[in-house]
Enquirer: 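Input: one structure, supplied below.
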Protein chains: 2
Amino acid sequence: MTLKKKNLNKEDYIPNLAFDSVIFGFNGKKLKILVLEYRNTGLYALPGGFVRRNENLEEAVKKGVSERTGLKNIYLEQFQTFGDVKRFDPEPMKRILEMNGLDIASHGWLLDRFITVAYYALINFEKVIPKPDPLSDGIDWYSLDELPPLMMDHQQIIEKALETLRENLDKKLLGMNLLPKKFTMKELQQVYEAITGTSFNRSGFQRKMLSANTLLRHEKRFSGNSHKAPYLYSFKPNPFDNRLKPYIGDKSELR
Amino acid sequence: MTLKKKNLNKEDYIPNLAFDSVIFGFNGKKLKILVLEYRNTGLYALPGGFVRRNENLEEAVKKGVSERTGLKNIYLEQFQTFGDVKRFDPEPMKRILEMNGLDIASHGWLLDRFITVAYYALINFEKVIPKPDPLSDGIDWYSLDELPPLMMDHQQIIEKALETLRENLDKKLLGMNLLPKKFTMKELQQVYEAITGTSFNRSGFQRKMLSANTLLRHEKRFSGNSHKAPYLYSFKPNPFDNRLKPYIGDKSELR
């Protein structure tokens with residue numbers, strides 16, 4: 001695909017609106033983030049894009065992230081829209097256009113203020129190989145403590161994504177299939193350590209987890225040495241979940 | 001204020017972007033929603049607005065909601081951005097412009113597709129008196145089971161707001177000061193019943209709440225008849241909260 005084909009015509013897109021994605025890669029032990037490097041600019045950014053006038057926001061995000069990263073069928077969750085005026089900074093985009101031989105006159109709309117809708121995803125970085133789009137010369141997984149300096153407010157977007165991920169970690173772990181239905185205390189601890197970025201003392205972690213009363217204990221996971229076999233656990237369902245159905249439009253359950 | 005002053009000039013605003021607010025009113029027992037009625041149109045809508053080119057999204061929302069509802073200093077939380085193409089429907093907006101004597105030619109941008117950033121708030125409806133803006137002839141609190149038919153996808157926006165509110169209700173109750181720090185089981189049950197829209201059996205509710213192990217029991221609340229005095233409870237802090245600090249930029253805590 002030539003760069004010409006990637007020309008972004010103002011008429012085709014909703015102006016002033018972008019999306020960005022924080023793609024967390026996790027292999028059960030380590031948490032990384034997918035970052036793009038723009039060709040010949042030294043500029044690093046989250047994979048993002050724009051929304052066509054006749055396209056649903058969610059479709060644009062799904063297609064855009066897949067094009068820019070080469071990753072297919074990622075489940076992305078919207079977490080926040082960033083709309084501060086100070087996000088506005090035309091300089092990085094100017095450099096990206098220049099270094100890619102795209103003329104600034106016909107891409108002026110890209111230098112205007114943008115409000116961005118941010119999404120995150122959590123996938124296993126061992127199972128996918130990202131491929132960059134034509135405007136980027138690199139895409140790679142970075143550990144949280146080795147992130148390059150990012151464009152605009154992308155660092156802040158990552159921080160908010162992490163905050164969201166850490167809230168109700170137990171619910172998300174299940175939802176995103178990061179843990180099997182039944183898991184050992186050690187597996188659970190590894191996930192918490194990677195995502196919270198701290199290490200826990202083994203017995204302290206176990207005590208806190210059990211006192212939170214959200215785990216069910218099952219049979220042991222048998223391997224070679226059976227008296228060392230660890231117990232398996234699962235998350236308890238929330239006792240109120242089955243009562244919390246929306247009741248708009250169904251008044252039969254109302255008082 | 002005359003309607004003329006409310007003219008919305010295309011040049012002043014970010015095109016194709018709006019915001020909407022779901023303002024829940026709650027008095028400890030009943031949950032209501034604030035709905036606007038547009039003058040002479042029979043159209044009902046959530047209070048919303050647009051973002052000026054030189055204005056932060058959050059500022060616009062804060063100012064807009066306060067102007068349209070007359071309510072000051074409400075804490076609004078962003079929960080989702082709605083961007084489906086099928087939200088687009090110019091007819092209601094045409095009627096609103098016509099019935100208010102605003103010419104369509106110079107307000108054509110208002111008839112285009114809009115992506116909306118949605119916010120919600122939870123306030124005590126007994127403590128505030130809403131006042132509509134000049135384009136609306138009514139603003140009122142409606143019970144969830146007596147909502148009028150709403151414009152566009154506003155019903156869906158309310159459903160999503162409710163879903164968000166119901167997730168982690170205990171955390172939100174504290175954050176939004178819906179309950180005092182210490183409360184009785186009956187007060188807690190009233191809040192759950194109003195927000196989930198179902199009624200619970202008293203002893204079943206108490207059993208579930210205690211089994212979830214998120215409450216701390218304190219002294220009794222003494223009133224006249226001391227042996228009938230109910231116990232006071234508070235929410236336990238999440239045992240991991242103090243370990244879940246963001247660690248970007250502070251690597252001292254890293255492994």
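Keep in mind it's a predicted model, so treat the numbers as computed, not measured. Just so it is clear: chains get the letters A, B, ... in the order the sequence lines come, proteins before strands, and each one is counted from 1.
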Enquirer: Report the residues that fulfil side chain to side chain donor-acceptor pair (under 3.5 Å) with A:D140, sequence neighbours left out, ordered by chain and then residue number.
Expert: none
Enquirer: Roughly how far, to the nearest 0.5 Å, is CD1 of A:I115 from CG of B:N56?
Expert: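 That separation rounds to 9.0 Å.
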Enquirer: Counting only non-hydrogen atoms closer than 4.5 Å, does B:Q80 touch chain A with its backbone (N, CA, C, O), its side chain (CB onward), both, or neither?
Expert: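 Both parts, backbone and side chain.
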Enquirer: What pairs with B:S21 under side chain to side chain donor-acceptor pair (under 3.5 Å), at least two apart in sequence or on another chain?
Expert: none
Enquirer: Which bit of B:R207 is near chain A, if near means a heavy-atom gap under 4.5 Å: side chain, backbone, both or neither?
Expert: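 For B:R207, neither part sits under 4.5 Å from chain A.
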Enquirer: Sort out for me which of B:K86, B:E58, B:E59, B:E55 touches chain A most, counting heavy-atom pairs under 4.5 Å.
Expert: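 Between B:K86, B:E58, B:E59, B:E55, the count favours B:E55.
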Enquirer: Relative to chain A, which segment of B:R87 carries a heavy atom at a distance below 4.5 Å: side chain, backbone, both, or neither?
Expert: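 Neither the backbone nor the side chain of B:R87 comes within 4.5 Å of chain A.
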Enquirer: Within a radius of less than 6.0 Å around CZ of B:R202, do more than 12 heavy atoms belonging to other residues, nucleotides or ligands occur?
Expert: no
Enquirer: Using non-hydrogen atoms and a 4.5 Å limit, figure out which bit of B:N54 sits close to chain A: side chain, backbone, both or neither.
Expert: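 Contact with chain A involves the backbone of B:N54 alone.
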Enquirer: Side chain, backbone, both or neither: which part of B:V117 has a non-hydrogen atom closer than 4.5 Å to chain A?
Expert: side chain
Enquirer: Do A:R53 and B:D112 have side chains that get closer than 4.5 Å, going by heavy atoms?
Expert: yes
Enquirer: Side chains of A:T81 and B:L57, heavy atoms from C-beta outward: is any pair under 4.5 Å?
Expert: yes
